[in-house]
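Scroll down for the structure; my scribbles are underneath it.
Chain naming here is simple, since letters A, B, ... match the order of the sequence lines and numbering starts at 1 in each.
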Amino acid sequence: MAPTPSRRLTPEALTHLEAIYREYAAFVSRNAARLGVAESARDDVVHDVFMIVAQRLHEFEGRSEIRTWIFGILCNVVRGHRRSAVRRDRRHDAFSHTRPEDVSVAHDGTVADRLLLTELLDELDDDRRAVFVSAELEELTAPEIAEALAINVNTVYSRLRRAKDDLKQALARRLASPERSAGSNQ
Amino acid sequence: MSDLDTRLAQLVKAERQVAPPSDTSIDEGWVRLAHALVGPLPPGPPDGETGGGGAGERGANEFDNTPTTSSDSPRPRVSDAAVSSPAPVVPLHTGPAPARVGVWVWPAAAIVVVATVTVVTAWRPWSASSETARTEGSRVATVPSTPRDAVEVSLPTTNPSSEVPSKPPATDPAPSTDPRADPGAPQATPVAPPIEEIEPSHAAPAPTRRAHRVEETTTRPGLAEELALVESMRSAFARDDPAEVLTLGKQHRKTFPKGALREERAALEVRASCRLGRADAAKRRDTFLESWPTSAHVERIDRDCATK
């Protein structure tokens, strides 16, 4: 269910929100994809995230980066979406919705690598996936991740280590079974 | 490092190179978000009240070239559209704070006014003469000072009396998406302007003549309608229906001759014209570049028009 919009916006808040949206919409969109949100639902997730940002912006403490704060919101929004139903379409989405700018880098196998990583990430549980995405792909620090996900820093390290182990195992399985490695480099 | 580590590092590196979404998709997303947040804003005063200075209605093949937004922003931003005003607008009534409004007795006429027009108006630039007219026509007065101060923007409600609190609401605005969707602690010092729940305006009761005028304003198209129309244009463009884009563009030009999203409309019209291979496409493009030389749409226009 989409968040209920605030009934009143100060003009300053709206201006501030627009700046935040333009700065972080891409960040939210790409990480929604990495967290398993299908292309067809991604715009809705981005919308929901920023609806929450709009409602909570005045509560943002400023102790952490706003990017970290938004990432935490994103993780919670993604949990609210039924991922199981959309995962079925993701592999198709990955190709059918490839943007022109993606195609431009496809010559060196980047798109294939991204698709493979998406498939591997789908095999992670949600908690490890969120830590891996934030740490390895967005390069957030462990304290930032702990803040965003409301977990202990040691838990961050633990989940990251296990996520890497899981990914390597999944990768090994795919390398051992080439027919499953649809997205791997040829 | 094992082969698996190396391969995983390659995958991570490839993923980090993900291209950002296009400006168009971000614009569309913001329009949608602003639409959801601002809602069906009542419109500003009729054109006759805006005084001189506007570009006014032009021919169907011309572009309005009077920028709607501040001169330091080459692109009209939705927030500008919602809030910008050359002069700050303050409520006429400067007495008790909204938190004390609940003890007031609200005449029915005032409730009607609260329900329909706390918005103020000025999401388009106003001339000095328009401010006087606006003061006459609504419950706000303008003070010639720096812009963007104290502009009040709120939504109409169908049942204002039920939303009149005796004090500012302290309810948790947590979204229903997920109860855990609040990673930020709430006791922090605000670092951004707050977004508040709707509050009643505490204007004096409006005379019947003014109330009638207010009701009239609610029937005129406003920002929400303009956003919806431009969204329709974008959708038509996205499904490769440039003829529909031009049709909707004409409708926008007629309905919102000084609309806040004229630049977006004009850009879509240029691109649609190029896609159709129309003879006037080059003229449209030149007019657009003359009006908005630093527009973020220029690159896309050049791309679309260069391929035709």
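The minimum heavy-atom distance between A:Arg34 and B:Glu15, with the atom names listed, is NE-OE2, 2.7 Å. Heavy-atom minimum distance, B:Trp30 versus A:Leu14: CH2-O, 3.9 Å. Residues B:Ala36 and A:Met51 approach most closely at CB-SD, 4.0 Å, considering heavy atoms.
Side-chain atoms of B:Arg7 and A:Leu116, non-hydrogen and from C-beta on, do get closer than 4.5 Å to each other.
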Could you go through the side-chain contact (heavy atoms from CB on, under 4.5 Å) check for B:Arg32 and A:Asp44 one step at a time?
-> CA-CA 10 Å; B:Arg32 180 186 175 197; A:Asp44 289 341; 2.7 Å; yes

Worked check of side-chain contact (heavy atoms from CB on, under 4.5 Å) between A:Leu175 and B:Leu4 | CA-CA 9 Å; A:Leu175 294 177; B:Leu4 288 177; 3.8 Å; yes

For A:Phe50 and B:Leu37, run side-chain contact (heavy atoms from CB on, under 4.5 Å): C-alpha distance rounded to whole Å, both residues' side-chain angles, the deciding distance at 0.1 Å, then the answer.
CA-CA 10 Å; A:Phe50 282 98; B:Leu37 289 169; over 6 Å; no

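Note that the CG atom of A:Asp43 and the CG atom of B:Leu33 stand 12.0 Å from one another [nearest 0.5 Å]. Here NE2 of A:His47 is found 10.0 Å from NE2 of B:His35. Values are rounded to the nearest 0.5 Å. Atoms CG and CD, on B:Leu11 and A:Glu136 in that order, are 12.0 Å from each other to the nearest 0.5 Å.
Look at B:Asp27 and A:Arg22 and you find a salt bridge, because one of the NZ, NE, NH1 or NH2 atoms lies within 4.0 Å of a carboxylate O, short of that distance. In this structure, A:Lys168 does not pair ionically with B:Asp3, as no charged nitrogen and carboxylate oxygen lie closer than 4.0 Å.
Looking at A:Asp165, there are no atoms closer than 4.5 Å to chain B (heavy atoms on both sides), in backbone or side chain. For A:Phe132, the part lying under 4.5 angstrom from a heavy atom of chain B is the side chain only. Contact annotation for A:Glu138: neither backbone nor side-chain heavy atoms come within less than 4.5 Å of a heavy atom of chain B. In this structure, the portion of A:Leu120 lying under 4.5 Å from any heavy atom of chain B is its side chain and not its backbone.
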